[in-house]
Amino acid sequence: MSAEVETSEGVDESEKKNSGALEKENQMRMADLSELLKEGTKEAHDRAENTQFVKDFLKGNIKKELFKLATTALYFTYSALEEEMERNKDHPAFAPLYFPMELHRKEALTKDMEYFFGENWEEQVQCPKAARKYVERIHYIGQNEPELLVAHAYTRYMGDLSGGQVLKKVAQRALKLPSTGEGTQFYLFENVDNAQQFKQLYRARMNALDLNMKTKERIVEEANKAFEYNMQIFNELDQAGSTLARETLEDGFPVHDGKGDMRKCPFYAGEQDKGALEGSSCPFRTAMAVLRKPSLQFILAAGMALAAGLLAWYYM
């Protein structure tokens with residue numbers, strides 16, 4: 001009888017130890033930065049998932065002029081991000097995540113810009129207002145709170161690695177871009193042989209950062225701000241689309257009135273096509289000539305502008 005009691009007590013004690021170890025493991029796992037980011041940004045993911053641009057883009061409802069706008073916004077964003085990553089490459093809260101050869105996108109985006117706009121592309125483009133706010137935030141973080149830089153790097157690059165190939169194929173098919181990669185270099189990570197393995201490495205490095213829980217919570221908060229900056233871009237271009245819908249010609253094509261500095265036109269998209277919509281001075285009129293549903297296409301542009309990472313989260 002006593003032996004049975006001892007055996008039972010021994011089993012109970014063993015179960016308690018196993019249960020305690022499992023609970024401790026779960027607590028440690030939930031304290032990992034990658035898990036905190038995953039859980040802490042769920043609401044932002046849900047909001048992005050339910051926007052119309054996600055569904056339309058994945059269906060291939062995009063136009064070349066709008067894709068050029070998107071590439072422009074991405075160029076300015078990654079230029080700022082990689083400038084601050086370079087500044088903080090030796091900072092203990094970021095150094096383990098510094099992978100310039102594998103991840104940096106500025107060089108690839110420069111090739112895309114040259115493909116779409118020509119050699120003098122830098123004279124033709126400027127950073128959109130909403131994207132400029134995002135860029136300013138990245139610079140502020142890099143120079144004042146570098147421990148939060150991981151929020152922007154993780155959100156952008158992991159998303160690009162996750163869904164980049166899907167987005168690349170959609171763009172190539174919808175825009176009839178070359179299968180050799182011209183115009184979609186942004187999505188090509190030549191120095192990453194296995195995206196899934198690299199993401200695992202990146203998460204492991206991130207989880208190993210020596211950060212207290214308070215800092216981790218601030219990183220999650222900053223990641224949500226990154227999503228918010230993207231949503232502000234959607235809203236800005238949605239409003240631009242509504243404005244264009246009201247400013248129509250007799251044939252139904254919206255134009256800018258051409259007053260003032262044309263670079264201040266919110267729909268500035270590149271070099272003016274002299275033969276399109278004769279009589280208008282709007283630098284965006286070439287794009288308008290291909291748009292039958294302006295507001296819809298500008299919503300798509302908003303989604304494209306800085307949301308490649310957002311779309312890609314759904315494939316992580």
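For the pair His104 and Met85, the minimum side-chain heavy-atom distance is below 4.5 Å. Counting heavy atoms from C-beta on, the side chains of Leu74 and Phe186 come closer than 4.5 Å. When side chains are defined from C-beta on, Arg105 does not count as touching Arg156, because their heavy atoms never get closer than 4.5 Å. Using a 4.5 Å cut-off on side-chain heavy atoms (C-beta onward), Tyr187 and Asp160 make no contact. Looking only at side-chain heavy atoms (C-beta outward), Lys169 and Thr184 stay at 4.5 Å or farther from each other. The shortest distance between side-chain heavy atoms of Glu147 and Asn88 does not fall below 4.5 Å. Using a 4.5 Å heavy-atom threshold, the side chains of Leu103 and Tyr202 count as touching. By the 4.5 Å heavy-atom criterion applied to side chains, Tyr154 and Met206 are counted as neighbours.
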ask   = Given Leu161 and Met158, is the side chain to side chain contact (heavy atoms under 4.5 Å, CB included) satisfied, shown in steps?
value = CA-CA 5 Å; Leu161 283 170; Met158 294 302 96; 3.7 Å; yes
message = Does Phe198 form a side chain to side chain contact (heavy atoms under 4.5 Å, CB included) with Asn194? I'd like the steps, not just the answer.
response = CA-CA 6 Å; Phe198 186 85; Asn194 186 305; over 6 Å; no
Residue pair Glu182, Lys111: steps toward the salt bridge (charged side-chain N to carboxylate O under 4.0 Å, His left out) verdict = CA-CA 8 Å; Glu182 288 88 344; Lys111 294 178 181 178; over 6 Å; no
inquiry  = If you apply the rule side chain to side chain contact (heavy atoms under 4.5 Å, CB included), what do you find for Glu122 with Met113, and how did you get there?
reply    = CA-CA 9 Å; Glu122 290 179 289; Met113 294 294 282; over 6 Å; no
ask   = Stepwise, does the side chain to side chain contact (heavy atoms under 4.5 Å, CB included) test hold for Leu81 with Val135?
value = CA-CA 8 Å; Leu81 180 56; Val135 165; over 6 Å; no
request  = Go through the steps to decide whether Glu43 and Thr41 satisfy the test side-chain hydrogen bond (donor to acceptor under 3.5 Å, both in side chains), and finish with yes or no.
outcome  = CA-CA 6 Å; Glu43 185 178 340; Thr41 58; over 6 Å; no
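Listed here is the closest heavy atom pair of Leu177 and Ala171: CD1-O, 4.1 Å. In terms of heavy atoms, Ala174 sits closest to Gly60 at CB-O, 3.3 Å. Of all the heavy atoms in Ala151 and Ala223, the pair that sits closest is CB-N, 3.7 Å.
Taking 4.0 Å as the cut-off between side-chain N and carboxylate O, Glu83 and Lys106 do not count as a salt-bridged pair.
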Please tabulate, for the side chains in residues 89-101, all donor-acceptor contacts under 3.5 angstrom to protein atoms that are two or more places apart in sequence or on a different chain.
unit_1: Lys89; atom_1: NZ; unit_2: Glu86; atom_2: OE2; d: 2.9
unit_1: His91; atom_1: ND1; unit_2: Ala93; atom_2: N; d: 3.0
unit_1: Tyr98; atom_1: OH; unit_2: Glu86; atom_2: OE1; d: 2.4

Show every donor-acceptor pair shorter than 3.5 Å between a side-chain atom in residues 136-143 and any protein atom, with sequence neighbours excluded, or say none if there are none.
unit_1: Arg137; atom_1: NE; unit_2: Glu222; atom_2: OE2; d: 3.0
unit_1: Arg137; atom_1: NH2; unit_2: Glu222; atom_2: OE1; d: 2.7
unit_1: His139; atom_1: ND1; unit_2: Glu84; atom_2: OE2; d: 2.6
unit_1: Gln143; atom_1: NE2; unit_2: Glu84; atom_2: OE2; d: 3.4

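Paired with Ser34 under the rule side chain to side chain contact (heavy atoms under 4.5 Å, CB included), one option of Lys199, Glu39, Gln200, Arg203 passes, and it is Arg203.
The distance from the CG atom of Leu149 to the CZ atom of Arg87 is 10.0 Å, given to the nearest 0.5 Å. Of the inter-residue distances, the one linking Thr155 atom OG1 with Leu37 atom CG reads 6.5 Å to the nearest 0.5 angstrom. One distance of note links CG of Leu148 with NZ of Lys225; it measures 8.0 Å at 0.5 Å rounding. Separating the CZ atom in Arg173 from the OG atom in Ser179 is a distance of 13.5 Å, to the nearest 0.5 Å. Here Thr77 contributes atom OG1 and His152 contributes atom NE2; the two are 11.0 Å apart, rounded to the nearest 0.5 Å.
Taking the ring axis of Phe116 as reference, the NZ or CZ atom of Lys64 does not stay both within 45° of it and closer than 6.0 Å to the ring centre.
For Glu217 and Thr215, the side-chain atoms include no donor-acceptor pair closer than 3.5 Å.
Enclosure of atom CG in Asp210 is not indicated, since only 12 or fewer non-hydrogen atoms of other residues, nucleotides or ligands lie within 6.0 angstrom. Atom CD of Glu107 has 12 or fewer heavy atoms from other residues, nucleotides or ligands within 6.0 Å.
Note on Leu188 and Leu175: separate hydrophobic clusters, where clusters join Ile, Leu, Val, Met, Phe, Trp and Tyr whose side-chain heavy atoms are under 4.5 Å apart, directly or indirectly.
One N or O on the side chain of Gln185 and one on the backbone of Gly181 form a donor-acceptor pair closer than 3.5 Å. Counting only distance, with no hydrogens or angles, the side chain of Asn207 and the backbone of Asp32 share no donor-acceptor pair below 3.5 Å.
Ring orientation note: the planes of Tyr229 and Tyr134 are close to parallel, at an angle under 30° on the 30°/60° scale.
Pairs of residues two or more places apart, or lying in two chains, that qualify as ring-ring contact (aromatic ring centres under 6.0 Å, His included) and include a residue from residues 157-182 are Tyr78-Tyr157.
The aromatic ring centres of Trp121 and Tyr115 sit 6.0 Å or more apart.
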